[in-house]
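As a basis for the values below, the full set of heavy atoms in this structure was taken, side chains included, without hydrogen atoms, waters or symmetry mates. We count ligands from 1, going down the list as the structure has it; atoms in each ligand are counted the same way.
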Amino acid sequence: MRTTKKTAKRVIARIPASTTNLGPGFDVLGLALRLYSTVTLEVTETSGNEVVVTGVDADKIPSTTEHVAFQAAELVLKRDGGKVPPGLKLSIDNGIPAIRGLGGSGTAILGGLMTANELCDSPLSKEELLNLAAKLEGHPDNVAASYLGGLVVCAQEKGHVHTVQLRCPDELSVVLAIPNFTLSTQQARSVLPQQVELADAIYNTSRSSLLVAAIATGKLSLIAVAMKDRLHQPYRAALIPGFDDVGEAAVNAGAFSVALSGAGPTLAAYCYRHLAKQIAEAMQAAFHVHQIQSETRMLEPDIRGAQIVSSE
Ligand code: HSE
């Protein structure tokens, strides 16, 4: 039977948000962003478990042990007959707008898994932890990007997530226009067709491959063509008032291209850093025309991925 590590009673992990799909790379591409959530797992003196959520959109996130972060932590602690401490407190200091397509649930899962793994002396390897995170999340793109950092290409085969991590060109910035309404991944997946035309599959394979090659070689001008998609955005657009106009406004203001961030409703524009402010303003104004209030963020990619920042 495993016991928890004697020295570690309180572990803190910091996990970056992710924007996924990047247009054509549906469930395949993810980019970590410099926007973070912090998860703390501590062994308490008293028995009983507690989950505390503070920060951005705390009112939209359940503060119960049903929370995915706590469930993930328990899964690790209970593995192989592990002894779960009688009292645990899991705290999330959330910096990521919730249910907006920025990988919040993936960061929570990673936070739970990573802190629990550290607390019981790291029985899970990095690969095992990522595979488990992808299984819990249901698709690998968000968790792979948040865990590893940078632009991550991933493919799942027999429960194993294979990844290649790329560093984005330094001049690439991401502008997020985050509408003030939520859209669950479940709902945004429910509108997708179960079968697609071969021509559409080829369209996406070509763009997705071109996008990765363009980013890897710094040929950013190719992003305009490479970020187009026919597998999910045309169906999801109807769920987001102003989708086309916000995208057009961003491109007119100088963005290379715009993609739905994950399952939405956030839109992500890719651009040179010096144009980010004018693009953010244009996107917000275009949403406003459709009576949608939004906030904007101008972000750089995170290249470090999720980190244990304290273990004591
Ligand atoms: N790739 C997923 C989707 C991300 O688009 O449904 C959602 O979190």
Residues in contact with ligand 1, criterion: heavy atom under 4.0 Å: Thr20, Asn21, Phe26, Asp27, His139, Asp141, Asn142, Thr185, Arg189, Arg236, Gly262, Ala263
Should Ile308 and Val11 count as side-chain neighbours, where that means a heavy-atom distance under 4.5 Å? yes
Connected to Ile12, directly or through other members, by ILVMFWY side-chain contacts below 4.5 Å are Val309
Face-on cation placement of Lys228 at Tyr203 ring, 6.0 Å and 45° thresholds: no
Tracing side-chain links under 4.5 Å among I, L, V, M, F, W and Y, which residues wind up in one group with Val289? none
With a cut-off of 3.5 Å and sequence neighbours excluded, list every side-chain donor-acceptor pair involving residues 182-189.
from   : atom 1 : to     : atom 2 : distance (Å)
Ser184 : OG     : Gln187 : N      : 3.0
Arg189 : NH1    : Asp27  : OD1    : 3.2
Arg189 : NH2    : Asp27  : OD2    : 2.7

Assess whether atom NE2 of His288 is packed by more than 12 heavy atoms of other residues, nucleotides or ligands within 6.0 Å. no
